[in-house]
Amino acid sequence: MARSSNRRPLGRAFFDRPTTRVAKELLGAVVTVRAPGGARSVQLVEVEAYVANDPANHAYRGPTRRNRSMFGPPGTLYVYRIHQVVCANLVTRPGEAVLLRAGRPLVPADANPSGPGRLCRVLGLTVADDGERVGRHGRISVTKPRGTTPTEPVIRGPRIGISRAVTRPLRFSLAGDRWVSRPRRRAT
DNA sequence: GAAAAGATTACCT
DNA sequence: GGTAATCTTTTCC
């Protein structure tokens, strides 16, 4: 594991790039949320890109009350509620974002962040965090191991749980990682 | 204004 | 394998 001194915080310059590229490079990044009870953090292993002209994108029809955070500056957090859980995204460019789908537990080490709802629960993210900007000094920060450590092979495939643009290959995950979520199929 | 669907998950048989 | 929980947005009358 990379030590914290060995990581670089991701800021606006990182997120202000094409969404699919940001999504792919977020794999292996560490999301940390500071909370009164102590910090929580996970290492991302699965994400999905939601882009322009994408019918599955919440921002497809322009700004609304729910999705207004998606039109904030690069690095804005977009958190929304679905059924009984919340899902978190990192905004790249206006109307585009990366859904955080699954991660490897770091703190606490015995958590289960496999799945967008579980990941948010582990991190303690709620709709109150919607619109926050990630950064070194904020409540939420995203860091990436520095150096040339090559990541595992990245798998690219269709997104999960949507009913429109179902075949677009905008889901990225680390090959063979045990924490990658499964689309409702039996666990081998 | 009312009804249905949704970027999900836990618990049922 | 299937359905309920629960609430916001979308869609239809």
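Note on naming: letters A, B, ... go to the chains in the order of the sequence lines (proteins, then strands), and numbering restarts at 1 for each one.
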[X] [atom1] to [N] [atom2], straight-line distance once rounded to whole Å:
X         : N      : atom1 : atom2 : value
Arg68(A)  : dT8(C) : CZ    : C1'   : 14 Å
Asn67(A)  : dT8(C) : CG    : C1'   : 12 Å
Arg171(A) : dT8(B) : CZ    : P     : 11 Å
Arg159(A) : dG6(B) : CZ    : P     : 14 Å
Gln84(A)  : dT3(C) : CD    : C1'   : 12 Å
Ile160(A) : dT9(B) : CD1   : P     : 10 Å
Asn89(A)  : dT8(B) : CG    : C1'   : 14 Å

May I ask you to decide whether [X] forms a salt bridge with [Y], counting only side-chain N to carboxylate O separations under 4.0 Å?
X         : Y         : result
Arg171(A) : Glu46(A)  : yes
Asp177(A) : Arg104(A) : no
Arg101(A) : Glu48(A)  : yes
Asp54(A)  : Arg159(A) : yes
Glu25(A)  : Lys144(A) : no

- Tell me whether the guanidinium CZ or amine NZ of Arg17(A) lies under 6.0 angstrom from the six-membered ring centre of Phe14(A) and within 45° of its axis.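 Judged by the rule (NZ or CZ under 6.0 Å from the ring centre, within 45° of its axis), Arg17(A) counts as positioned above Phe14(A).
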- Take atom C1' in dT3(C) and the same atom in dA5(B), then report the distance between them in whole Å.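 Per the computed distance, 16 Å lies between those C1' atoms.
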- Spacing of the C1' atoms in dA4(B) and dA4(C) (rounded, Å):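 My reading of the C1' atoms in dA4(C) and dA4(B) gives 16 Å.
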Return the nearest nucleotide to the side chain of [X]; candidates are [options].
X         : options                 : answer
Arg164(A) : dT11(C), dG6(B), dA7(B) : dT11(C)
Tyr50(A)  : dA7(B), dA5(C), dT9(B)  : dA7(B)
Thr64(A)  : dT10(C), dT8(B), dT6(C) : dT10(C)

- Message: Categorize Arg66(A) for me: base, sugar-phosphate, or nothing, with a 4.0 angstrom heavy-atom threshold over every strand shown.
- Response: sugar-phosphate
- Given that Arg61(A) and His83(A) both sit by DNA chain C, which one's nearest nucleotide is further toward the 5' end?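 Looking at the nearest nucleotide for each, His83(A) comes out on the 5' side.
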- Kindly say whether the aromatic ring centers of His58(A) and Tyr50(A) come within a distance under 6.0 Å.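 No, too far apart.
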- Query: Considering only heavy atoms, which members of residues 110-135 of chain A lie under 4.0 Å from some atom of DNA chain B?
  - Reply: Gly115(A), Pro116(A), Gly117(A), Arg118(A), Arg121(A)
- Task: Take atom CZ of Arg156(A) as the centre, draw a 6.0 Å sphere, and report whether it contains more than 12 heavy atoms from other residues, nucleotides or ligands.
- Result: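 Yes, because the 6.0 Å sphere around CZ of Arg156(A) holds more than 12 heavy atoms from other groups.
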- Heavy atoms of other groups near Arg68(A) CZ, more than 12 under 6.0 Å: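 At most 12 heavy atoms, drawn from other residues, nucleotides or ligands, come within 6.0 Å of this atom.
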- Each stem that DNA chain B is part of, given as range with range (3 or more consecutive Watson-Crick or G-U pairs, under 3.5 Å): B:1-6 with C:7-12, B:8-12 with C:1-5
- Query: Stacking between Tyr80(A) and the base of dA7(B) (centre distance under 5.5 Å, interplanar angle under 30°)?
  - Reply: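 Answer is no, no stack.
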- Message: So which atom in Ala88(A) and which in Leu77(A) form the shortest heavy-atom distance, rounded to 0.1 Å?
- Response: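 Shortest heavy-atom contact: CB-CD1, 4.5 Å.
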